[in-house]
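Side-chain atoms are counted along with the backbone in the values below, which use heavy atoms only and exclude waters and symmetry mates. So that the names make sense, note that chain A is the first sequence line, chain B the second, and so on, each numbered from 1.
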Number of protein chains: 2
Amino acid sequence: MSKKTTIYDIAKELQITAATVSRALNNNPRISKNTRELVLETAARMNYKQNRLALALKSGKSNNIGVVVPYINRNFFSSVIRGVEDELYPKGYHVIISQTHEDKDRELKIIQNLLNAQVDGILISTSYTNEEKNKLEPALKKSTPFIFFDRKLDFPDISSVTIDDYQGAYDATKHLIDQGCKRIAHFYVNNGLELYKNRLLGYKNALLQSGFEVVPEYIIPLKNDMEAGMEAAKTLMNLPVPPDAIFSSTDNSLLGAVKYLQGLPIHIPDDFCVVGFSNEPFTEFMEPSISSVDQSPVEMGRMAAKVFLEQMDSEQSVKIHKKVILPAKLVIRKSSSKIQ
Amino acid sequence: MSKKTTIYDIAKELQITAATVSRALNNNPRISKNTRELVLETAARMNYKQNRLALALKSGKSNNIGVVVPYINRNFFSSVIRGVEDELYPKGYHVIISQTHEDKDRELKIIQNLLNAQVDGILISTSYTNEEKNKLEPALKKSTPFIFFDRKLDFPDISSVTIDDYQGAYDATKHLIDQGCKRIAHFYVNNGLELYKNRLLGYKNALLQSGFEVVPEYIIPLKNDMEAGMEAAKTLMNLPVPPDAIFSSTDNSLLGAVKYLQGLPIHIPDDFCVVGFSNEPFTEFMEPSISSVDQSPVEMGRMAAKVFLEQMDSEQSVKIHKKVILPAKLVIRKSSSKIQ
DNA sequence: TTGTACGCGTTATCAT
DNA sequence: ATGATAACGCGTACAA
């Protein structure tokens, strides 16, 4: 209820200056032991709390960092944020969350907004594609450090933390080949994001390097949701020669496909194998459990935070930029375990 | 790279005062059309952005609000946050996230910290129980509005948004009775949180009001995780007269139970019915799909945000406090659909 | 060791 | 319609 006490209140109480109070509170050596203790005591008694806003304005450091994601309540993103917060909170940072809803105009506004709020850095999983990256460029040219995670853009002087999408896709496809699958289809999210292109590439190269052909009909462009996955599966199974496996670039679309396949007289994994991407929690608990490529999102968040911290430290001297690529780990479950 | 431009820079450029610039930027009527346009133009040209920190210090409003949860990356909490952000971002607020890791000391520190950062309000799902609520009391007595969501404490003058845990539990139990289940067990999370007590109460009353007895052995106290659920199921099934249904106060523990039951020659739902609580995404995709009580987390977040906004508006006049109770909706799926 | 004075960027209250 | 000045709360260079 009562007004917040400031260092001036303490100063008045003790008949000294605010400067002295400030020094006492900040362990400044230029102060007598006596007054320091007196100030500390009085501060505690008057329930003084530092106003971080004033400090921020003065120092130019808000100790806030912005995290920008499409949606918070997707396991992948919330887990990344979990990692970021775990890493940054102990260092005295607060994490400000914003969701773009995959809306690019909104994303740009959010960035401006965070910049206006004087955040010390922005960690972002963008919805922009490399083709449109120039729209984001002016904002990125500020002195505030940016770090891309998962969905990055190719800017030479901006740090990023991603997983090895190519390798993950390659491993998944190779695994299906090793299981004896002969006609492996792929769900390809065609929203222009680089990571889906990399997954497509990993899929193709795994096929080629094992002596398989890349069949265009087996590559289905779609949106990242369950309904699209059902449609895609239907399309595939109506082909003259249907595939006997799917490597999907997302778990959600694969879920739709599995639902569709379970309506057919087809047994997974004996007749048909599937592998997804993201290792969403539900893949573990489905029947059959679904193999998927894990993106270790919490780790990714921690790493993005670490890169940010390094960048802050190096601010004075030369600016450091990093392109961190985390490994993608294939988690093999029942849905692709034909051979015992 | 270049230093941020302030209203003083614009003032100097135009040979006028910062005050005039400020007026032009804020649509203050006390300014000529000419100068306003000139200022706006120059501001745009010089790429001026308002420093919200300075505004915050001056106005005493940071336009940040803190959201405190045990963990961000639990579907329930991330969905609540989703709702909060959806509601508050359009009003110009930024959402600051902190996780307590269910650590009470940490929770208290987080609150102090957010208060120091001058947040305009705190939305919190606490890990404290009503027995320990006095520890939190000093922080709550500040002028900054607090709003509890889901995990609340009983303070008469603090708002809260919860669901009707009692009713949800009652409905779930009644539903099992209607399915013909005769011996319904209950998983009870015994961490002292009020909402679990309410669920237990709903369970008991549903039984009693249908003429069933409450069998103490059928009420298993446990932690909210899968392993505990497996253990609990084992205990139950080793009883002289095992139950034929479980109403669990959490989906996670129920998941463990289902895993255990599936190792037995027992068919769900024909021999055994189960209903969970929270409607976690995986419940929908499991085989069999799991019935669960939905807590409409996004709605809860939106509502908590709305209550906060109302409270802000009413600040000047009389302080408004609200106890909002959202309905709990039982979602019936295969795991409890014995009768066709 | 302590006090004085200023600046961080903004808005609001007086004057003019 | 515009200018001058104070104030928000803090830290710090400089002076004493």
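In this structure, the helix from C:dT1-D:dA16 to C:dT16-D:dA1 shows an angle of 50° between the axis at its start and the axis at its end, each fitted on 5 base pairs and rounded to 10°.
Atom P of nucleotide C:dT1 and atom CD of A:Glu37 are separated by 14 Å, given to the nearest angstrom. Between the C1' atom of D:dG9 and the CG atom of B:Asn51 lies a distance of 15 Å, rounded to the nearest Å. Rounded to an integer number of Å, the gap from A:Leu53 CG to D:dC10 P is 11 Å. Atom CD1 of A:Ile7 and atom P of D:dG11 are 6 Å apart (whole Å). Atom CG in B:Leu25 sits about 13 Å away from atom P in C:dA12, given to the nearest Å. Straight-line distance from the CZ atom of B:Arg23 to the C1' atom of D:dT5: 12 Å, rounded to whole Å. Regarding B:Arg36, its CZ atom lies at a distance of 10 Å from the P atom of D:dA1, rounded to whole Å. The separation between A:Asn34 atom CG and C:dT2 atom P is 8 Å, rounded to whole Å.
One finds no side-chain N or O of B:Tyr8 lying less than 4.0 angstrom from the OP1 or OP2 phosphate oxygen of D:dG3. Residue B:Thr20 has no polar side-chain atom (N or O) positioned under 4.0 Å from OP1 or OP2 of D:dT2.
The residue B:Ile31 sits close only to the backbone: its heavy atoms come under 4.0 Å of sugar-phosphate atoms, none of a base. Within the nucleic acid shown, A:Thr35 comes within 4.0 Å of sugar-phosphate atoms alone, with no base atom in reach, counting heavy atoms only. Residue B:Leu57 is in base contact, counting any heavy-atom pair closer than 4.0 Å across all strands shown. If you check every strand for non-hydrogen atoms under 4.0 Å, A:Asn26 touches sugar and phosphate atoms only. Looking at heavy-atom distances under 4.0 Å, A:Ser22 makes contact with a base. Among the protein residues, B:Ile16 comes within range of the sugar-phosphate backbone only, with heavy atoms under 4.0 Å from sugar or phosphate atoms but none that close to a base.
Here the side chain of A:Arg30 is nearest to one of C:dT2, D:dG3, C:dT10, namely C:dT2. For A:Ser32, the listed nucleotide lying nearest its side chain is C:dT1; candidates were C:dG9, D:dG3, C:dT1. Of all nucleotides listed (C:dT11, D:dA4, C:dT4), C:dT11 comes nearest to the side chain of B:Leu55. Comparing D:dT2, D:dG11, D:dG9 by their nearest atom to the side chain of A:Thr6 picks out D:dG9. Proximity note for A:Gln50 (side chain, C-beta onward) versus D:dC10, D:dG3, D:dA13: the nearest is D:dC10.
With respect to the salt-bridge test (charged N to carboxylate O, under 4.0 angstrom), the residues B:Lys109 and B:Asp105 do not qualify.
The aromatic rings of A:Tyr71 and A:His101 sit tilted, their planes meeting at an angle between 30° and 60°.
Annotation: side chain of B:Val69 is not in contact with side chain of B:Thr100 (no heavy-atom distance under 4.5 Å).
Judged by atom type and distance alone, B:Arg52 does not reach the base of C:dG9 through any side-chain donor-acceptor pair under 3.5 Å.
For A:Asp154, the salt bridge (charged side-chain N to carboxylate O under 4.0 Å, His left out) criterion is met by A:Lys152, not counting sequence neighbours. In this view, B:Phe146 satisfies the ring pair (Phe, Tyr, Trp, His ring centres under 6.0 Å) rule with no residue, not counting sequence neighbours.
Heavy-atom distances to DNA chain C give each of A:Lys58 and B:Lys58 a nearest nucleotide, and the one nearer the 5′ end belongs to A:Lys58. Comparing B:Ser59 and B:Ala18, the nucleotide of DNA chain D nearest to each residue sits closer to the 5' end for B:Ala18.
Heavy atoms only, all atoms of each residue included: B:Leu193 and B:Ser127 are closest at CD1-O, 4.2 Å.
Cation-pi geometry between A:Lys135 and A:Tyr128 is not met at under 6.0 angstrom from the ring centre and within 45 degrees of the axis.
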Using the side-chain hydrogen bond (donor to acceptor under 3.5 Å, both in side chains) rule, take B:Asn28 and B:Arg36 through it: C-alpha gap first, then chi angles, then the decisive distance, then the call. CA-CA 9 Å; B:Asn28 190 312; B:Arg36 159 170 305 139; over 6 Å; no

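Partner of A:Arg151 under the salt bridge (charged side-chain N to carboxylate O under 4.0 Å, His left out) criterion, out of A:Glu107, A:Glu102, A:Glu194: A:Glu102 alone.
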